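As structure tokens, the structure follows; a few thoughts come after it.
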Amino acid sequence: MHERNQRIQADLDKAGITGEITIFTEHLPTAADAAAHLGIETGAIANSLIFRLDGEPVLIMTSGAHRVDTGFVEEQTGGKISRANADVVKEATGQVIGGVAPAGHTKPIRTFIDRALGAYPTLWAAAGTADSMFPLTYPELLRLTGGEEIDVER
């Protein structure tokens, strides 16, 4: 396991989350690819996206079936949202685009959770590398991240 996977597994263990990290041999670049491979709905993929909120990095965990409506998120947060570039993602999380997890970050990051993820009994999230994921429930995701629930689409 990669060092990033190990950090995430340690955070899962600390939070009492029993889901284990799976390392895939296939390339699964999109939520739809991952869902097809796992045999689940695309919406049950918990995408980890880094944005800037008033210049500060934030993590938005969104359903794989949704696209973040930045204008709508701005209305809910009262701030200005913009997409973060790869350097900001790496600096904010210690992880790379395509593998950003809801945990295992090098420093704390404010997190928002798409309420739509609550519709699925089991979610799958990236585990720090582009070839790894782990399962958890919506309440576990909230507990793991300390995230604030929002809607990401109107």
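Here the structure is a predicted model, which is why all the values come from computation and not from measurement.
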*asked:* side chain to side chain donor-acceptor pair (under 3.5 Å) for D13 and Q9? Distances and angles first, verdict last.
replied: CA-CA 6 Å; D13 294 344; Q9 190 64 60; 3.1 Å; yes
Determine whether [X] and [Y] fall in the same hydrophobic cluster, where Ile, Leu, Val, Met, Phe, Trp and Tyr are linked whenever their side-chain heavy atoms lie under 4.5 Å apart.
X    : Y    : value
I109 : I81  : no
L28  : I40  : yes
L142 : I150 : no

*Apply the side-chain contact (heavy atoms from CB on, under 4.5 Å) test between T62 and each candidate in I113, L49, V73; give the one that qualifies.*
L49
Check: [X] side chain, [Y] main-chain N or O, donor-acceptor pair, under 3.5 Å:
X    : Y    : result
H2   : R4   : yes
T122 : Y120 : no
D11  : G104 : yes

*How about E75: does its CD atom have over 12 heavy atoms from other parts shown lying under 6.0 Å from it?*
yes
*Answer yes or no: does atom CD of E148 have more than 12 heavy-atom neighbours from other residues, nucleotides or ligands under 6.0 Å?*
yes
*How far apart are the C-alpha atoms of F72 and T77, what are their side-chain angles, what is the distance that settles it, and do they pass the side-chain contact (heavy atoms from CB on, under 4.5 Å) test?*
CA-CA 9 Å; F72 188 51; T77 62; over 6 Å; no
If you round to the nearest 0.5 Å, how far is [atom2] of [Y] from [atom1] of [X]?
X    : Y   : atom1 : atom2 : result
I45  : S63 : CD1   : OG    : 9.0 Å
L136 : I17 : CG    : CD1   : 5.5 Å
I50  : T93 : CD1   : OG1   : 5.5 Å
H37  : E26 : NE2   : CD    : 4.0 Å
N5   : I23 : CG    : CD1   : 4.0 Å
Q76  : D69 : CD    : CG    : 9.0 Å

Can you find a pair of side-chain heavy atoms, one from [X] and one from [Y], that are under 4.5 Å apart?
X    : Y    : answer
L59  : H105 : yes
M133 : F24  : yes
E56  : R110 : no
V96  : V89  : no
D87  : K90  : no
F112 : V152 : no
M61  : L141 : yes

*asked:* Test side-chain contact (heavy atoms from CB on, under 4.5 Å) on I8 and Q95; report intermediate values, then the result.
replied: CA-CA 11 Å; I8 292 154; Q95 301 165 6; 3.8 Å; yes
*Write out all pairs satisfying salt bridge (Lys or Arg N to Asp or Glu O under 4.0 Å) with one or both partners inside residues 111-125, taking only residues at least two apart or from two chains.*
R115-D151
*asked:* Run the side-chain contact (heavy atoms from CB on, under 4.5 Å) test on R143 and Y138 for me, step by step, so that the C-alpha distance in whole Å, both residues' side-chain angles and the decisive distance to 0.1 Å come before the verdict.
replied: CA-CA 9 Å; R143 186 171 76 242; Y138 185 74; over 6 Å; no
_Can you list everything that forms a salt bridge (Lys or Arg N to Asp or Glu O under 4.0 Å) with E3? Sequence neighbours excluded, please._
R7
_Between L12 and E140, does the side-chain contact (heavy atoms from CB on, under 4.5 Å) criterion hold? Intermediate values first, please._
CA-CA 9 Å; L12 295 175; E140 288 173 334; over 6 Å; no
What closest approach, in Å, do [X] and [Y] show between heavy atoms, and which atom pair accounts for it?
X    : Y    : value
A101 : G128 : CB-N, 3.7 Å
G55  : R52  : O-NH1, 2.7 Å
G64  : N47  : CA-ND2, 3.5 Å
T145 : P102 : CG2-O, 3.4 Å
G71  : R154 : C-NH2, 4.4 Å

_Presence of salt bridge, E74 and K80, under 4.0 angstrom_ = yes
